[in-house]
Asker: 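I have a structure here, written as structure tokens, and I will follow up with some questions on it.
Letters go in sequence order (proteins before strands), and every chain restarts at 1. Atom set for the values below is all heavy atoms of this structure, side chains included, hydrogens, waters and symmetry mates excluded. It should be emphasised that the depicted structure is a prediction, and the values quoted were computed from it without experimental measurement.
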Amino acid sequence: MSRIQSVFQHLEAAGRKALIPFITAGDPDIGLTVPLMRALVAGGADIIELGVPFSDPMADGPTIQRASERALAAGTSLAKVLDAVRAFRAGDDATPVVLMGYANPIEAMGQGAFVAAARDAGVDGVLVVDYPPEECADFTASARAAGLDQIFLLAPTSSAQRFRDVARAGSGYLYYVSLKGVTGAANLDFEEIGQRIPRIRAVAGMPVGVGFGIRDAESARKIGAFADAVVIGSRIIEEIEASTRERAAANVETFVRGIRVALDESVGARP
Amino acid sequence: MTDMQYSLPDAQGHFGPYGGVFVAETLMPALAELRAAYEASQGDPAFIAEFEHELRHYVGRPSPIYHARRLSERLGGAQILLKREDLNHTGAHKINNCIGQALLARRMGKPRVIAETGAGQHGVASATVAARYGFECVVYMGSEDVKRQAANVYRMKLLGATVVPVESGSKTLKDALNEAMRDWVTNVSNTFYIIGTVAGPHPYPVIVRDFQTVIGKECLAQMPEAFGRQPDVVLACVGGGSNAMGIFHPYVPRGDVRLIGVEAAGEGIATGRHAAPLTANAGVGVLHGNRTYLMQDENGQVIETHSISAGLDYPGVGPEHAWLKDSGRVEYVAATDDEALEAFHALCRFEGIIPALESAHAVAHAMKIAPALGRDKLLLVNLSGRGDKDIHTVGERSGIRF
């Protein structure tokens, strides 16, 4: 069983929902990435989504784009991100790490080399935003062979047939994009999400997480009522932006803990 | 070179290893919807007839082929012929595709169109068709390009479009494309994205190519009428590559016609400051929804490009060009900023034509090869746009302030 599956099993048994915070690796510099990851865990993260910075993050809003630009300006590369995961893994053998990014840095390293290096560094899952299932069959096969879960996105615009096709290609969990838009945007339609998630779960055969646009305890609580996992990213990056380098990890931990408490309240679980 | 027939892309938009649909899931249904609408439109005689009618009566087609006699005479070799896309309404080939996509948008019931633009020609053409058909129009333009192309920005505003300067990344065409994609993801239900070049996710490279092939189809008919035969060489500048695909595609099966795509060598290929991924063998990558030759660093980050011409200042290139390069059917070369400027001035002085700096790259290469060829050889250059928009850029190079 993968580390991701195991986390979801334990959570289900405990009647709790997964909290999946996102940060961009290398923002503001790679030296702070491992401390921030540990702060996320201390604040109550179940899984960490670690963004791999890219020069042209088309699916991201301004906040994550700024994080990418800071990380690249500080010299962050995919190889350095993998080094950070290895360093994190040395002190934490339990928390799954999912790399989230775009195809080109992976293709520049080489798909096979990347899969091997990611596995070796202790990465558990990969979400490549611009790899829809039909464009990455080889990558999916080699990731699967290496025991890496490939996480795919589903969108409000996806059809029921699309739910099935994407679910067949993916493993670990499915990531439902909660709005038509880029990461960090506002205006979630909770009613629509509430109707969609059960339909996706019915065909998914795996947990369904919801992200893009979850900004606070209130929206996390509402989403937690029907999703298996809540992903929160841009708001955490804003927290890092607003902090001094010295205070960033502590502030992030406090913020994540607030979301954790709200999420546990939503299902009546004891913290 | 043997005659070559091909019917690429495949159903998923692949030209061999290039092309495809590399986008976030949110856009997959929108692209499927576009594909279906486009295919239906191509089987609808009324759609085709309206497209042709608009090209004739609104754009002013067919555009003539003009024999640049004085320039040819000075070069002392092959005859240089110019396909005058600069005479189109709005001053460039971009309008051909915009008319087609606007008719598609109307057919799909989308009241709002968005576009990205580099030099501003595609933005102007998009704003023009938006006014013509009554769409709301938003144009994304890198803030660097907004500065370089102030007159075109004002033109778009006159036409009723909203121009959004893009401050992210390198603040040029690629960043404008990113921002337009973000708008489309957000407003996908009521918005049609008019992509201006033969790049982007499938089906855009096909749609743009098909609408632009009017250029090459006209040449196939005009050349025998005016010059008794087809050209020996066809040349076109390549940024994303839409004017080149438009003139090349009908000639690809005719193996006796040499096809040359001219990229922007900027300050020189060896300096690294250029926009010539094919000529420089930049390696293959994924950007803006397709796999193609891409200017990138060793970590797969897209790097900044350099060209005096905003319209060629793009790190990728249409996937069909990538395939045509590998197949050997089209030769890809590059012209530097200085060579393009020299061609720009030559065309002004000897023919009374102010060419777009983009098109001047194609003219520059024609000027390079013409002297060594016989006087009976015919070089057909796609003069893709007029250069009024570039007089500030050229003037500044000569120390002139307006």
Asker: Side-chain contact, heavy-atom cut-off 4.5 Å: A:Ser158 with B:Met28?
Answerer: no
Asker: Given a strict heavy-atom distance threshold of 4.5 Å, which part of B:His288 is in contact with chain A: side chain, backbone, both, or neither?
Answerer: both
Asker: Less than 4.5 Å to any heavy atom of chain B: does that hold for the side chain of A:Glu135, its backbone, both, or neither?
Answerer: both
Asker: Measuring from A:Asp60:CG to B:Ser168:OG, what's the distance to the nearest 0.5 Å?
Answerer: 11.5 Å
Asker: If you count heavy-atom pairs under 4.5 Å with chain B, which of A:Leu153, A:Asp130, A:Val177 comes out on top?
Answerer: A:Asp130
Asker: Testing B:Val185, B:Thr26, B:Leu27 for side-chain contact (heavy atoms from CB on, under 4.5 Å) with A:Thr157, which one passes?
Answerer: B:Thr26
Asker: Do you know which two heavy atoms are closest between B:Gly300 and A:Phe54, and how far apart they sit?
Answerer: O-CE1, 3.4 Å
Asker: Heavy-atom distance under 4.5 Å to chain A: side chain of B:Leu294, backbone, both or neither?
Answerer: side chain
Asker: Okay, side chain of B:Glu25, backbone of A:Val166: is any donor-acceptor separation there less than 3.5 Å?
Answerer: no
Asker: Rounded to the nearest 0.5 Å, what separates atom OG in A:Ser77 from atom CG in B:Asp297?
Answerer: 9.0 Å
Asker: What I'd like to find out is whether the side chain of B:Val23 reaches to under 4.5 Å of the side chain of A:Val129, using heavy atoms alone.
Answerer: no
Asker: Measure distances from B:Leu177 to the heavy atoms of chain A and classify the residue's part below 4.5 Å as side chain, backbone, both or neither.
Answerer: neither
Asker: Could you tell me whether the side chain of A:Glu107 reaches within less than 4.5 Å of the side chain of B:Arg291, counting heavy atoms only?
Answerer: yes
Asker: Could you look at A:Leu72 and say if it's the side chain, the backbone, both or neither that has a heavy atom under 4.5 Å from chain B?
Answerer: side chain
Asker: Can you find a pair of side-chain heavy atoms, one from B:Leu287 and one from A:Tyr102, that are under 4.5 Å apart?
Answerer: no
Asker: To the closest 0.5 Å, what do you measure between OG (A:Ser68) and CD (B:Gln301)?
Answerer: 8.0 Å
Asker: Where on B:Gln296 is there a heavy atom nearer than 4.5 Å to chain A: the side chain, the backbone, both, or neither?
Answerer: side chain
Asker: Are any side-chain N or O atoms of A:Asn104 and backbone N or O atoms of B:Val286, one a donor and one an acceptor, separated by less than 3.5 Å?
Answerer: yes
Asker: Please state whether the side chain, the backbone, both or neither of A:Val128 comes within less than 4.5 Å of a heavy atom of chain B.
Answerer: neither
Asker: Based on non-hydrogen pairs under 4.5 Å, which of A:Glu134, A:Arg162, A:Glu69, A:Met109 is most in contact with chain B?
Answerer: A:Arg162
Asker: Which residue out of B:Ala32, B:Ala24, B:Ser189 racks up the most heavy-atom pairs below 4.5 Å with chain A?
Answerer: B:Ala24
Asker: Any side-chain heavy atom of B:Arg182 within less than 4.5 Å of one from A:Pro57?
Answerer: yes
